[in-house]
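The structure appears right after this line, and notes come after that.
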Amino acid sequence: MVDKLKGKRQLLRLWREQKGICPVCNQKITQRTGWHSHHIIWRSMGGSDTQENRVLLHPNCHSQVHSQKLTVEKPRPSRGV
């Protein structure tokens, strides 16, 4: 139970950090669109499982990233004016 709650908090933190936007297609991530957690530096290449190394992507965008070997960057926080 604790692991499931921790996982949900991590997903929510990623979603908020990205303002609910997929960094590949720049469209909203919703329950309807679904999402996958993607490791920026792939675990198979030595990447960690930390929050700093993950982003949320739409399932189709995630497939494209892997099939086309695209690079994904973590969205930068916007500064308030």
Side-chain angles (χ1 to χ4, degrees):
M1 175 80 169
V2 172
D3 288 339
K4 287 186 178 193
L5 290 175
K6 182 180 178 185
K8 285 183 182 183
R9 282 193 303 264
Q10 289 174 343
L11 287 173
L12 184 56
R13 191 177 321 143
L14 283 172
W15 186 81
R16 285 181 177 158
E17 183 180 277
Q18 295 175 212
K19 296 185 178 27
I21 303 295
C22 174
V24 174
C25 68
N26 295 312
Q27 299 296 312
K28 273 283 201 193
I29 295 172
T30 66
Q31 283 187 317
R32 187 173 192 159
T33 65
W35 61 85
H36 286 174
S37 176
H38 171 70
H39 292 82
I40 297 167
I41 300 173
W42 299 2
R43 292 177 67 199
S44 62
M45 304 296 267
S48 68
D49 201 25
T50 62
Q51 190 86 7
E52 292 76 25
N53 189 43
R54 294 177 14 185
V55 292
L56 296 180
L57 306 175
H58 291 118
N60 288 339
C61 294
H62 195 209
S63 295
Q64 288 176 3
V65 166
H66 284 281
S67 67
Q68 298 175 24
K69 295 187 168 69
L70 302 175
T71 302
V72 177
E73 293 185 11
K74 202 161 191 64
R76 295 184 179 229
S78 60
R79 294 183 155 203
V81 179

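If you're wondering where the values come from, they're calculated on a predicted model, not measured in any experiment. Computed from heavy atoms alone, side chains included, the values below leave out hydrogens, waters and symmetry copies.
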* Asked: Are K74 and N53 close enough, and set up right, to give a side-chain contact (heavy atoms from CB on, under 4.5 Å), and what steps lead you there?
  -> CA-CA 8 Å; K74 202 161 191 64; N53 189 43; over 6 Å; no
* Stepwise side-chain contact (heavy atoms from CB on, under 4.5 Å) check, E73 with I40 -> CA-CA 7 Å; E73 293 185 11; I40 297 167; over 6 Å; no
* Interatomic distance, R16 atom CZ to L12 atom CG [nearest 0.5 angstrom] -> 4.0 Å
* **Point-to-point distance, once rounded to the nearest 0.5 Å, from CH2 of W35 to CG of L14** => 11.5 Å
* With side-chain contact (heavy atoms from CB on, under 4.5 Å) as the test, would you mind laying out the steps for L56 and H36 before giving the verdict? => CA-CA 6 Å; L56 296 180; H36 286 174; over 6 Å; no
* To do: Quick one: list whatever passes side chain to side chain donor-acceptor pair (under 3.5 Å) with S48, sequence neighbours left out.
  => T50
* Asked: Yes or no on side-chain contact (heavy atoms from CB on, under 4.5 Å) for H58 and V24, after CA distance, side-chain angles and deciding distance?
  -> CA-CA 8 Å; H58 291 118; V24 174; over 6 Å; no
* Report the residues that fulfil ring-ring contact (aromatic ring centres under 6.0 Å, His included) with H66, sequence neighbours left out, ordered by chain and then residue number. => H38, W42, H62
* Asked: Among the clusters formed by ILVMFWY side chains lying less than 4.5 Å apart, do L70 and I41 turn up in the same one?
  -> no
* **Least distance between heavy atoms, C61 atom then C22 atom** => SG-SG, 3.7 Å
* Asked: Ignoring hydrogens and geometry, is there a side-chain-to-backbone donor-acceptor pair from Q51 to Q10 under 3.5 Å?
  -> yes
* Are any side-chain N or O atoms of T33 and backbone N or O atoms of I29, one a donor and one an acceptor, separated by less than 3.5 Å? -> no
* Should I21 and Q27 count as side-chain neighbours, where that means a heavy-atom distance under 4.5 Å? -> no
